Amino acid sequence: MNNLLNLNPQKIKKMKLAELEGLANDIRKFLIDVIKHNGGHLGPNLGVVELTIALHYVFNSPYDQFIFDIGHQAYTHKILTGRAKGFDKLRRSGGVSGFTNYDESKHDIWESGHAGTSLSALMGVLYSNKIDKSNNHAIAIVGDGALSSGMSLEALNLIGYHKLPGIIVINNNKMSISKSVGTISELLNNDFDNKKQFFNQLGYNFVEVEDGHNITDLIKSFEEVKKTTKPVVVLVNTIKGKGLEEAENDKIGKYHMVSSNKSDGTTWSALIADMILEIQEEIPTMVVVPAMEVGSHLTKFKEAYPNRFLDVGISEEHAATMSAALAKNNKNVILSLYSTFSQRAFDQILNDIARSNQPVLITIDRAGLIPGDGDTHQGIYDVSMFNIMPNIVISAPSNAQDASDLLRVGLKSKSPFVLRFPRGFVEGDLRYEERLITINWDQVLTGDEINIISYGPLVERIKEICKTENISANLFNAKFIRPIDYNMLQKAFNNQKPILIIEEGVNTGSLYPEILRFKENMGLTSPLIDKSIKNTNIPHLASDEILEFTQFDNKSLSLFIKNAIR
């Protein structure tokens with residue numbers, strides 16, 4: 001690692017070709033070792049080592065602005081700009097972020113947690129350069145999978161139309177998270193003349209680098225496009241996972257993201273996916289997923305029901321509207337989204353699903369606090385987002401039985417239905433029975449000191465805290481966040497003890513203000529105290545660190561409950 005410390009772009013420019021190739025080998029070995037140990041995005045970063053070295057060799061960061069799409073493929077960029085030392089705590093407190101980060105370096109000039117934003121950002125930079133009469137270059141590095149997203153296509157249309165001299169580097173590895181889908185991907189792997197004609201008609205010069213791991217060819221191509229005053233697309237053919245055989249051969253996305261957690265437990269994603277598979281004989285279902293087949297453990301469903309599985313690539317907005325149309329045409333449909341990615345489809349969920357009351361079951365994976373990925377990937381906003389929409393039922397299981405119950409209710413619902421669950425492993429008993437429940441809350445504990453209302457796996461944690469600390473509490477599992485079980489809520493108010501609402505999400509638009517409104521409307525007097533996340537960005541932290549930072553660790557929760565009793 002010593003030869004990677006204290007690198008900067010000026011040192012890169014002074015290296016000879018053989019030194020650059022040696023540097024690429026050293027970086028690739030370093031990335032494999034550190035990501036396998038600490039977790040992180042492995043495949044995307046192994047594929048762009050030479051590409052990133054060549055960019056820094058030819059251009060002058062940060063004056064020439066490098067705009068990495070998402071930023072999860074910027075590890076080599078971080079190393080070349082003096083941050084190798086921070087990889088010993090990658091994605092943890094005191095270490096480097098797993099994405100580009102404004103606060104981390106002046107060389108990270110664009111940060112985003114969602115794919116497809118880089119070309120829109122590029123257009124903004126290009127217009128700023130035009131106003132400032134700046135000759136600095138702006139380069140967007142976008143994956144072929146992200147190129148099919150709506151924002152990418154909108155910006156691609158306009159940059160060429162306005163003849164803005166931007167450089168669009170397409171990292172073409174035939175993969176998004178798993179295999180790329182759609183005709184755009186097919187085009188990028190068609191013959192040269194077809195690709196050239198397509199981009200020429202959109203207003204771009206076109207250059208292709210056949211071997212995106214050949215530093216000589218990359219430098220030569222970048223030197224040429226650096227001279228142009230027209231918009232230009234540079235298609236660079238790379239191998240995702242280059243240098244690690246199993247990652248190179250990965251076609252489903254197993255090595256896209258590697259976790260440092262080696263637990264053999266069952267994840268919430270796997271549990272829900274297995275339940276979806278089990279229920280197909282009773283309720284045949286379409287499943288729509290925007291590039292999250294592997295992350296949401298839906299491969300077995302795809303293999304069992306290929307005609308009812310639709311991976312639409314990085315196109316969340318399209319996925320939502322298409323799901324609404326499937327539902328309107330009398331299909332049972334599950335729209336599988338990560339919490340943070342559901343935000344991208346806000347308008348389509350609001351207008352096409354919720355407003356018109358289409359019975360789409362939306363599974364929200366990675367809800368709540370998310371370790372490692374930082375503030376762009378937190379699943380703490382979805383409850384508030386869905387709570388402002390009409391007709392939607394919002395639910396969250398606390399255990400495996402809840403999950404089975406809620407999935408069954410959701411698929412039989414005549415309205416849009418959200419089933420949200422966290423990243424991580426299911427604690428407790430994995431057994432469950434098939435049953436159909438009504439929309440209500442459960443009282444998990446009975447006591448006389450305090451009332452506690454929560455939902456999701458937090459309920460199980462609070463239950464154990466109360467037992468361990470001998471806290472006599474009425475603990476209510478608000479597994480239906482909306483609609484509220486007002487009969488059970490009135491029961492909590494009746495004993496005149498304080499009511500704690502504990503939510504692993506933002507407090508604006510959440511369950512707490514709805515209960516507060518009920519209290520005011522009914523003229524009730526019991527004190528309400530909320531424990532939630534208030535107006536803060538959450539940095540990249542490990543699992544224990546993120547709980548301590550937000551004071552959702554067991555020690556903090558115990559103290560919070562005891563203070564409310566006093």
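Quantities reported herein were computed from a predicted structural model and do not represent experimental measurements. Each residue takes its place number in the sequence, starting with 1.
Scanning for side-chain contact (heavy atoms from CB on, under 4.5 Å) contacts around Gln348 gives Glu317, Ala320, Thr321, Ala345, Asp352, with sequence neighbours left out.
The nearest pair of heavy atoms linking Thr52 to Leu80 is O-CD1, 3.9 Å. Summarising the geometry of Glu210 relative to Asn237, their closest heavy-atom pair is O-CB, 3.3 Å, with the distance given to 0.1 Å. Between Asn129 and Asn136, the shortest heavy-atom distance links the atoms ND2-O, 3.3 Å. Across all non-hydrogen atoms, the minimal contact from Pro290 to Val312 is CA-CG2, 3.9 Å. Nearest approach of Val48 to Gln73, heavy atoms of both residues: CG2-O, 3.3 Å. Taking each heavy atom of Ala115 and Asp69 in turn, the nearest pair found is CA-OD1, 3.3 Å.
Put simply, the side chain of Ile170 reaches to within 4.5 Å of the side chain of Leu188, judged on heavy atoms. Looking at Ile167 and Phe222, their side chains never come closer than 4.5 Å, going by heavy atoms from C-beta outward. The shortest side-chain heavy-atom distance between Trp268 and Asp365 does not fall under the 4.5 Å cut-off.
The distance between the ring centers of Phe66 and His56 falls below 6.0 angstrom.
Among residue pairs with one or both ends in residues 98-125, those qualifying as ring-ring contact (aromatic ring centres under 6.0 Å, His included) are His41-Phe99, Phe99-His377, His114-Phe341; sequence neighbours excluded.
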Going through the checks in order, is the ring-ring contact (aromatic ring centres under 6.0 Å, His included) test met by Phe198 and Phe206?
-> CA-CA 9 Å; Phe198 174 77; Phe206 179 74; 9.4 Å; no

Evaluate the criterion side-chain contact (heavy atoms from CB on, under 4.5 Å) for residue pair Asn3 and Asp26; output intermediate values, then yes/no.
-> CA-CA 8 Å; Asn3 63 327; Asp26 291 343; 2.5 Å; yes

Criterion ring-ring contact (aromatic ring centres under 6.0 Å, His included) on Tyr75 and Phe87, from CA distance to verdict | CA-CA 9 Å; Tyr75 288 11; Phe87 277 78; 5.6 Å; yes

Determine, step by step, whether Asn38 and Arg92 satisfy the side-chain hydrogen bond (donor to acceptor under 3.5 Å, both in side chains) criterion, reporting the C-alpha distance in whole Å, the side-chain angles of both residues, the deciding distance to 0.1 Å, and the verdict.
-> CA-CA 9 Å; Asn38 291 333; Arg92 305 202 307 272; 3.1 Å; yes

Decide side-chain contact (heavy atoms from CB on, under 4.5 Å) for Leu218 and Ser221; before the verdict, give the C-alpha distance in whole Å, the side-chain angles of both, and the deciding distance to 0.1 Å.
-> CA-CA 5 Å; Leu218 286 163; Ser221 296; 6.0 Å; no

Test side-chain hydrogen bond (donor to acceptor under 3.5 Å, both in side chains) on Asn101 and Asp108 and set out the steps.
-> CA-CA 6 Å; Asn101 186 286; Asp108 291 1; over 6 Å; no

Show your reasoning for whether salt bridge (Lys or Arg N to Asp or Glu O under 4.0 Å) applies to Asp382 and Arg366.
-> CA-CA 10 Å; Asp382 58 89; Arg366 272 68 165 173; over 6 Å; no

Could you walk me through whether Lys78 and Glu104 pass salt bridge (Lys or Arg N to Asp or Glu O under 4.0 Å), step by step?
-> CA-CA 9 Å; Lys78 289 173 181 275; Glu104 196 174 280; 2.6 Å; yes

Could you go step by step and tell me if Asp33 and Lys29 meet the salt bridge (Lys or Arg N to Asp or Glu O under 4.0 Å) rule?
-> CA-CA 6 Å; Asp33 290 344; Lys29 182 178 184 305; 3.2 Å; yes

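Residue Phe192 places its CZ atom among more than 12 non-hydrogen atoms of other residues, nucleotides or ligands, all under 6.0 Å distant. Surrounding NZ of Lys163 are at most 12 heavy atoms belonging to other residues, nucleotides or ligands under 6.0 Å away.
Judged purely by atom type and a 3.5 angstrom limit, Glu316 has no side-chain atom pairing as donor or acceptor with the backbone of Arg344. A donor-acceptor pair under 3.5 Å is absent between the side-chain atoms of Asp144 and the main chain of Ser185, judged by distance alone. Looking at Lys13, its side chain does come within 3.5 Å of a backbone N or O of Phe59 through a donor-acceptor pair. In this structure a side-chain-to-backbone donor-acceptor pair under 3.5 Å is missing from Ser118 to Ile67. Side chain of Ser384 to main chain of Thr508: a donor-acceptor pair is present (N/O by atom type, distance under 3.5 Å, no hydrogens or angles). A distance-only check finds no donor-acceptor pair linking the side chain of Gln378 to the backbone of Leu369 [under 3.5 Å]. The main-chain N or O of Val225 is never found under 3.5 Å from a side-chain atom of Thr228 such that the two would form a donor-acceptor pair. Listed for the His318 side chain is no donor-acceptor partner under 3.5 Å among the backbone atoms of Gly150. In this structure a side-chain-to-backbone donor-acceptor pair under 3.5 Å is present from Glu19 to Lys16. A side-chain donor-acceptor contact under 3.5 Å links Asp191 to the backbone of Asp193.
The pair Glu293-Lys302 counts as a salt bridge, with a side-chain nitrogen and a carboxylate oxygen less than 4.0 angstrom apart.
For the residue pair Asp347/Asn351, the side-chain donor-acceptor check at 3.5 Å is satisfied.
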